[in-house]
Colleague: 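Could you have a look at this structure, given as structure tokens, before my questions?
Chain naming here is simple, since letters A, B, ... match the order of the sequence lines and numbering starts at 1 in each.
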There are 4 protein chains.
Amino acid sequence: MASSSSTLPSPCSSCMGESETKRQQILTGASAVFAEHGYEGASMSAIARQAAVSKGTLYNYFANKADLFAAFVEQCCREKLPVALAPVREDSPPREILTAVARAMVRLITQPDSLMLYRIIVSEAPRFPQLGAVFWENGPRVAIATLANWIREQEANGTLKTDDPVFAAEQFFSLCQTRIAHLRRFNLNPENNTEEEDKVIHAAVQVFMAAYGTQ
Amino acid sequence: MASSSSTLPSPCSSCMGESETKRQQILTGASAVFAEHGYEGASMSAIARQAAVSKGTLYNYFANKADLFAAFVEQCCREKLPVALAPVREDSPPREILTAVARAMVRLITQPDSLMLYRIIVSEAPRFPQLGAVFWENGPRVAIATLANWIREQEANGTLKTDDPVFAAEQFFSLCQTRIAHLRRFNLNPENNTEEEDKVIHAAVQVFMAAYGTQ
Amino acid sequence: MASSSSTLPSPCSSCMGESETKRQQILTGASAVFAEHGYEGASMSAIARQAAVSKGTLYNYFANKADLFAAFVEQCCREKLPVALAPVREDSPPREILTAVARAMVRLITQPDSLMLYRIIVSEAPRFPQLGAVFWENGPRVAIATLANWIREQEANGTLKTDDPVFAAEQFFSLCQTRIAHLRRFNLNPENNTEEEDKVIHAAVQVFMAAYGTQ
Amino acid sequence: MASSSSTLPSPCSSCMGESETKRQQILTGASAVFAEHGYEGASMSAIARQAAVSKGTLYNYFANKADLFAAFVEQCCREKLPVALAPVREDSPPREILTAVARAMVRLITQPDSLMLYRIIVSEAPRFPQLGAVFWENGPRVAIATLANWIREQEANGTLKTDDPVFAAEQFFSLCQTRIAHLRRFNLNPENNTEEEDKVIHAAVQVFMAAYGTQ
DNA sequence: AATGAATGAGAGTTCATTCAT
DNA sequence: GATGAATGAACTCTCATTCAT
């Protein structure tokens, strides 16, 4: 079963275990360096040092810097993004659900790791065409789809009304980015401000419900 | 009329010499290279070649790469950003005004130059602290303030109702970034799609009016 | 008379005055920069800035950096070196004369300006062949000749006895360089220490008189 | 015998690799270039070329130019300076010992390598504070201490008399620098002249014995 | 006579990548 | 498979020198 489910190139699972460990070790080191210095600013030497392997080993696992970078971004996306959509599953009044979703989203997109990832992907997207897609698939697309499904359920309930649940979900997440996320991306107002966070969240819910709520 | 009013750049060639001309020549070259390769990826040699000056001349006009970069960003901000807020001054029904503003904004932020600037500033903001501020002051802040003033006028007219016009304006612009701008920043869906643009624009106006319009 | 005594290239004395002023101005600026940074470390731009003239003017007065440097060293030698041999002319007991000469010499060669000049000339002598000669002629040679003459007078008086007064003078000045001058040249013990200075001086006189004094 | 006793450098080639060999190769190349051009005048490219390694390799062994320079000076001091104090151990009449010491010293300090080292250290001492100390500890200090000890022994024998043997030793070495060493440092009279050397040596011994000899 | 903008070679240094061990 | 010494091109920046004004 194990062998049949694996479509990775490695031929034997024992040495593969070794390999996978090293690969992770390298990616962990690369994370730290790419996160701090970006793509151009990160040196393979620094990554090797951080990962405690030799530079030669780096090139045994990744053909070049660009490949290592792509693997780093993919891992980041898979690990860090899909963590904040739990509230949708709860069975509470719509406004409470939306408020919880908005709070989770605002906190997710304004935390340092996410900002770092956003910076790197926005910056390098033109030169690494698959980057944007990997990020989108692992993050925004999932969030939008999940919220759109919840909206459809609410339509069935009669509490919401829209002819394009997906687009409405996208608008809701756009509203969640008002002020704080935009400013943070420009490195402005970097300190946490609970009051402003509450305002962004409640105003997003308010506007969304005014537009799409029945009643 | 238009031609006679455009006497701003260097009216007399003797008093200022070619300095300003050369400076512009360099900044134009720098634009092309920074835009294509970002800050770290742009080399002073490439900029000199693009600007058709020697490397030494670069350093006669800008003390170092960071200074040249800052000047480039500032010029970009001053030149490219403050062009799209004219519709607000017109005397039309609120929905038409908002639609025109939304259309101008969507087009502004999804055009290649703006995306390039956005990428660079988001990417380099942590290492160039003043960058984000310069961009914000010359772009978003102006747009937000202008729209907020118009909202206040509409409140006086009784057509709109909100207790925080500035925040409402920010929400409107957040709505304008739904889908197209987000995707473009990740280098996804780069082709122009008028249908989708119309949808984003009208949905933004619709939601905004539902939330803040007085019937 | 004035014109006949002048063998310099300048054809008219009025513009020559202008010229000579500028030349001095440049040399004064060059002094400061060469003194602080040495030959290779001094840049023509820094010299021009220090002298408050343009770089072009530098090249109107001196063909290149090496020429300017040679002129600077020559001026230094002529100005700073021949100042400390007065005591020899006085009419006092030999030991007092020698003590005064030794004190003047120790102070001369351990003062910052002299050390700077010594460093530069010793360092650049192999690449600027005339440098060492200019320094020697304007400094050590004069001092040695002056003291040798005094020694000859003392031989006539019967107070000293040596078959090579020039060499004896050279030995005396060598003794004056014991400890303090050697250490200073290596940038060691840079603070002034009157006690040690006295010791060097008196020991030099003592040894010299023991060797060449006639009881 | 000679070959068997010379096993000091890198006894096993596998444990240490070629590191020490390359390091020496670089230092040898650096020697030639620093010796000819001084610190500022020596370029890392020229050193790499002279040492027949790439510029990158230079920086694998030495963090920067200053470090390479310091290593070069230290190696010079350790290798070249402590070679000329053997005569002191012999059991001969004081004048013969002093004459042998003086001859060794005069030859040491007037040979091209020593002059080169002297030029560089005197010139760079202000910018490399540890330079002078390294030189002093490895050269002059050792020579002075050795001779001072011998003087103390002679005092015990009753052949010499001085209340400061260290200072007397310093004076003796000062006398050894009369004429030839001074001139050579200014690149004057660079040819060897045995007659003059003898004169300097004998006169130094003569003056020293007249001052500090009993009898 | 004086300027200072312009040059381009070359400085010290870093880096992705290779390859013999 | 892992290493890290070696490479050489490319980097940012400086400099002595020239020349149109």
Colleague: OP1, OP2 of F/dA5 versus side-chain N and O of D/Thr57: anything below 4.0 Å?
Modeller: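 So the side chain of D/Thr57 is outside the cut-off, no N or O lying under 4.0 Å from OP1 or OP2 of F/dA5.
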
Colleague: Heavy-atom contacts under 4.0 Å between residues 37-48 of chain B and DNA chain F, which residues?
Modeller: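 Listed by number, they are B/Ala42, B/Ser43, B/Met44, B/Ser45.
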
Colleague: At under 4.0 Å, does any side-chain N or O of C/Lys22 touch on OP1 or OP2 of E/dA2?
Modeller: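 Yes.
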
Colleague: Do the non-hydrogen side-chain atoms of D/Met116 and D/Phe34 ever get within less than 4.5 Å of each other?
Modeller: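 No - every pair of side-chain heavy atoms lies 4.5 Å or more apart.
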
Colleague: Going by the rule ring-ring contact (aromatic ring centres under 6.0 Å, His included), which residues pair with D/Tyr59 if we only count those two or more places apart in sequence or in a different chain?
Modeller: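 Scan of D/Tyr59 (ring-ring contact (aromatic ring centres under 6.0 Å, His included), adjacent residues dropped) gives none.
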
Colleague: For E/dA1, give its Watson-Crick or G-U wobble partner with both distances under 3.5 Å, or none.
Modeller: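 E/dA1 is paired with nothing.
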
Colleague: Are any of A/Tyr59's side-chain N or O atoms less than 4.0 Å away from OP1 or OP2 of E/dC19?
Modeller: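 Answer no for this pair, as no side-chain N or O of A/Tyr59 is under 4.0 Å from OP1 or OP2.
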
Colleague: Mind calculating the distance between CZ (C/Arg49) and P (E/dG4) to the nearest angstrom?
Modeller: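 It is 13 Å, rounded to the nearest whole Å.
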
Colleague: Could you tell me how the ring of A/Phe135 sits relative to the ring of B/Phe186: parallel (under 30°), tilted (30 to 60°) or perpendicular (over 60°)?
Modeller: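 A/Phe135 vs B/Phe186 ring planes: tilted.
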
Colleague: Please state how far atom CD in C/Gln25 lies from atom C1' in E/dA1, giving the value in whole angstrom units.
Modeller: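 The distance from CD of C/Gln25 to C1' of E/dA1 comes to 13 Å, rounded to the nearest Å.
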
Colleague: What is the distance, rounded to the nearest whole Å, between atom NZ of B/Lys65 and atom P of F/dT14?
Modeller: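 From B/Lys65 NZ to F/dT14 P: 15 Å.
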
Colleague: Nearest heavy-atom pair of A/Ile47 and A/Ile26: which atoms, and what distance?
Modeller: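 Looking at all heavy atoms of both residues, the shortest contact is CG2-O, 4.5 Å.
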
Colleague: Let me spell it out: for each of B/Ala52 and D/Ala63, pick the nucleotide of DNA chain E with the closest heavy atom. Which residue's pick is nearer the 5' end?
Modeller: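 The answer here is B/Ala52.
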
Colleague: Does C/Asn60 get its side chain close enough to the base of E/dA1, under 3.5 Å, for a donor-acceptor pair?
Modeller: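 Not at all, since no donor on one side and acceptor on the other fall under 3.5 Å apart.
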
Colleague: Measure from CD on D/Glu20 to P on F/dA5 and round the result to the nearest Å.
Modeller: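 After rounding, the reported distance stands at 13 Å.
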
Colleague: Can a side chain N or O of A/Lys55 be found less than 4.0 Å away from OP1 or OP2 on F/dG4?
Modeller: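 No.
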
Colleague: Under 4.0 Å from OP1 or OP2 of E/dA2: is there any side-chain N or O of C/Tyr61 that close?
Modeller: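 It does, given that an N or O in the side chain of C/Tyr61 lies less than 4.0 Å from OP1 or OP2 of E/dA2.
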
Colleague: Should E/dA20 form a Watson-Crick or G-U wobble pair with both distances under 3.5 Å, which nucleotide is its partner?
Modeller: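 Per the H-bond distance test, F/dT3.
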
Colleague: Should C/Gln24 and C/Gln75 be marked as a side chain to side chain donor-acceptor pair (under 3.5 Å) after you check the CA-CA gap, both sets of side-chain angles, and the distance that decides it?
Modeller: CA-CA 10 Å; C/Gln24 275 312 314; C/Gln75 156 145 326; 3.2 Å; yes

Colleague: Within this structure, what is the CG-to-P distance between B/Leu68 and F/dC11, rounded to whole angstrom?
Modeller: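 Result: 15 Å.
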
Colleague: Nearest nucleotide by nearest heavy atom, which residue falls closer to the 5' end of DNA chain E, C/Val53 or D/Asn64?
Modeller: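 Here C/Val53 is the residue nearer the 5' end.
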
Colleague: Please give me the minimum heavy-atom distance between D/Ala30 and D/Leu68, naming the atom from each residue.
Modeller: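 Closest approach of D/Ala30 to D/Leu68, heavy atoms only: CB-CD1, 4.1 Å.
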
Colleague: Taking a pair as Watson-Crick or G-U wobble with both distances under 3.5 Å, which nucleotide is matched to F/dC13?
Modeller: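 Check on F/dC13: paired to E/dG10, both distances under 3.5 Å.
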
Colleague: Using whole Å, what does the distance between atom P of nucleotide F/dA5 and atom CZ of D/Phe62 come to?
Modeller: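 In whole Å, F/dA5 P and D/Phe62 CZ are 13 Å from each other.
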
Colleague: Specify the separation, in whole Å, of atom CD1 of B/Ile26 and atom P of E/dA5.
Modeller: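 Going from B/Ile26 (CD1) to E/dA5 (P), I get 11 Å.
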
Colleague: Just checking, A/Lys65 and A/Tyr39: is the charged tip under 6.0 Å from the six-membered ring centre and within 45° of the axis?
Modeller: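 Relative to the ring axis of A/Tyr39, which defines the angle, A/Lys65 lies inside both limits.
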
Colleague: For D/Ser54 and F/dA6, is the shortest distance between a side-chain N/O and OP1 or OP2 below 4.0 Å?
Modeller: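 No.
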
Colleague: Atom CG of A/Leu58 and atom P of E/dC15: how far apart are they, to the nearest Å?
Modeller: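 Rounded to the whole Å, the gap is 14 Å.
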
Colleague: Please determine whether the number of non-hydrogen atoms from other residues, nucleotides or ligands lying under 6.0 Å from atom CD of C/Gln130 exceeds 12.
Modeller: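 Result for CD/C/Gln130: enclosed.
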
